[in-house]
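Worksheet for the structure shown next.
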Amino acid sequence: MKREDSTILNKYGKDPGFKVPENYFADFNQRMAEMLPDVEITPVDVKPTMWQRLKPFAYLAAMFAGVWCMMSVFSHFTNTSNLNGVSAVAEKMQDDNSNVDDFIMSGSVSDYDILSYEDSVAMSNEENFSDEE
């Protein structure tokens with residue numbers, strides 16, 4: 001690689017090939033201004049329409065309406081029967097002192113806990129019912 005670079009440098013030299021004329025940029029602004037055509041620009045007084053003025057507020061209102069709709073849709077997806085089941089299980093667990101501490105410490109009850117607790121309560125009720133007969 002080094003040998004190839006030295007051959008290219010020997011063949012072509014270090015001259016970039018491009019030169020800027022002397023004092024080219026000294027009077028560049030003046031020459032450019034002379035080349036531009038004389039055009040008079042008249043300001044146009046355009047008043048925004050009512051829609052152009054209200055558009056940001058309409059977009060903002062639409063955004064809040066969309067967020068409200070999404071929140072209401074997602075709130076319908078939550079299973080409220082599960083929440084009612086949890087409160088029912090919590091009430092049943094309050095009767096059984098051994099499970100109250102577990103419920104308080106965990107802070108949440110899974111579906112499996114609810115089903116297993118309801119099964120155990122049903123079995124104990126069946127035993128109590130058969131004992132009474």
Side-chain angles (χ1 to χ4, degrees):
M1 183 80 174
K2 200 94 155 124
R3 177 187 271 173
E4 192 175 313
D5 288 343
S6 65
T7 358
I8 292 173
L9 283 175
N10 291 336
K11 187 175 181 180
Y12 296 107
K14 290 186 175 182
D15 186 30
F18 299 102
K19 292 185 181 179
V20 178
E22 289 185 31
N23 295 327
Y24 179 77
F25 290 106
D27 59 345
F28 180 77
N29 290 341
Q30 182 181 2
R31 286 185 292 124
M32 182 59 78
E34 290 173 0
M35 289 196 290
L36 291 174
D38 292 331
V39 176
E40 187 176 323
I41 299 173
T42 57
V44 179
D45 188 24
V46 177
K47 290 186 179 182
T49 63
M50 180 68 87
W51 172 245
Q52 288 173 338
R53 284 186 275 156
L54 294 178
K55 193 181 337 182
F57 300 110
Y59 289 162
L60 186 66
M63 181 198 61
F64 281 116
V67 168
W68 180 79
C69 288
M70 286 189 331
M71 296 291 283
S72 65
V73 166
F74 290 137
S75 69
H76 289 300
F77 283 134
T78 59
N79 191 356
T80 56
S81 63
N82 187 20
L83 296 176
N84 293 335
V86 170
S87 63
V89 170
E91 289 174 9
K92 289 179 185 178
M93 283 183 168
Q94 287 177 354
D95 295 336
D96 187 10
N97 291 334
S98 63
N99 290 330
V100 171
D101 292 335
D102 295 336
F103 179 75
I104 291 172
M105 295 304 277
S106 67
S108 64
V109 178
S110 69
D111 291 338
Y112 178 77
D113 293 332
I114 293 170
L115 293 174
S116 64
Y117 183 77
E118 288 177 350
D119 289 342
S120 66
V121 169
M123 288 175 63
S124 67
N125 286 341
E126 287 177 5
E127 289 173 6
N128 291 339
F129 183 71
S130 63
D131 291 340
E132 291 176 6
E133 291 179 2

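Scope of the values below: all heavy atoms of this structure, side chains included, with no hydrogens, waters or symmetry mates. Since we're looking at a predicted model, the values are computed, not measured. Starting from 1, each residue takes its place in the sequence as its number.
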Query raised in the report: Should the heavy atoms of other residues, nucleotides or ligands under 6.0 Å from CE of Met63 be counted, would the total exceed 12?
Result: yes

Query - Joint hydrophobic cluster, Val44 plus Val39, side-chain heavy atoms closer than 4.5 Å - result: no

Requested in this report: Only pairs at least two apart or in different chains count here, so list each side-chain hydrogen bond (donor to acceptor under 3.5 Å, both in side chains) that has a residue in residues 25-52.
Outcome: Asp27-Arg31

Query raised in the report: With Met50, which residues qualify under side-chain contact (heavy atoms from CB on, under 4.5 Å), at least two apart?
Result: Arg53, Leu54

Report task. Quick one: list whatever passes ring pair (Phe, Tyr, Trp, His ring centres under 6.0 Å) with Phe18, sequence neighbours left out. Result -> none

Query raised in the report: Do the side chains of Met71 and Trp68 join up, straight or via other hydrophobic residues, at under 4.5 Å, putting them in one cluster?
Result: no

Query raised in the report: In terms of heavy-atom contacts, does CG of Asn10 have more than 12 from other residues, nucleotides or ligands at under 6.0 Å?
Result: yes

Query raised in the report: Are Val67 and Leu60 grouped together when hydrophobic residues (ILVMFWY) are joined by side-chain heavy atoms under 4.5 angstrom apart?
Result: no

Query raised in the report: Applying the 4.5 Å side-chain criterion to the ILVMFWY set and letting contacts propagate, would Phe25 and Met35 be lumped into a single cluster?
Result: yes

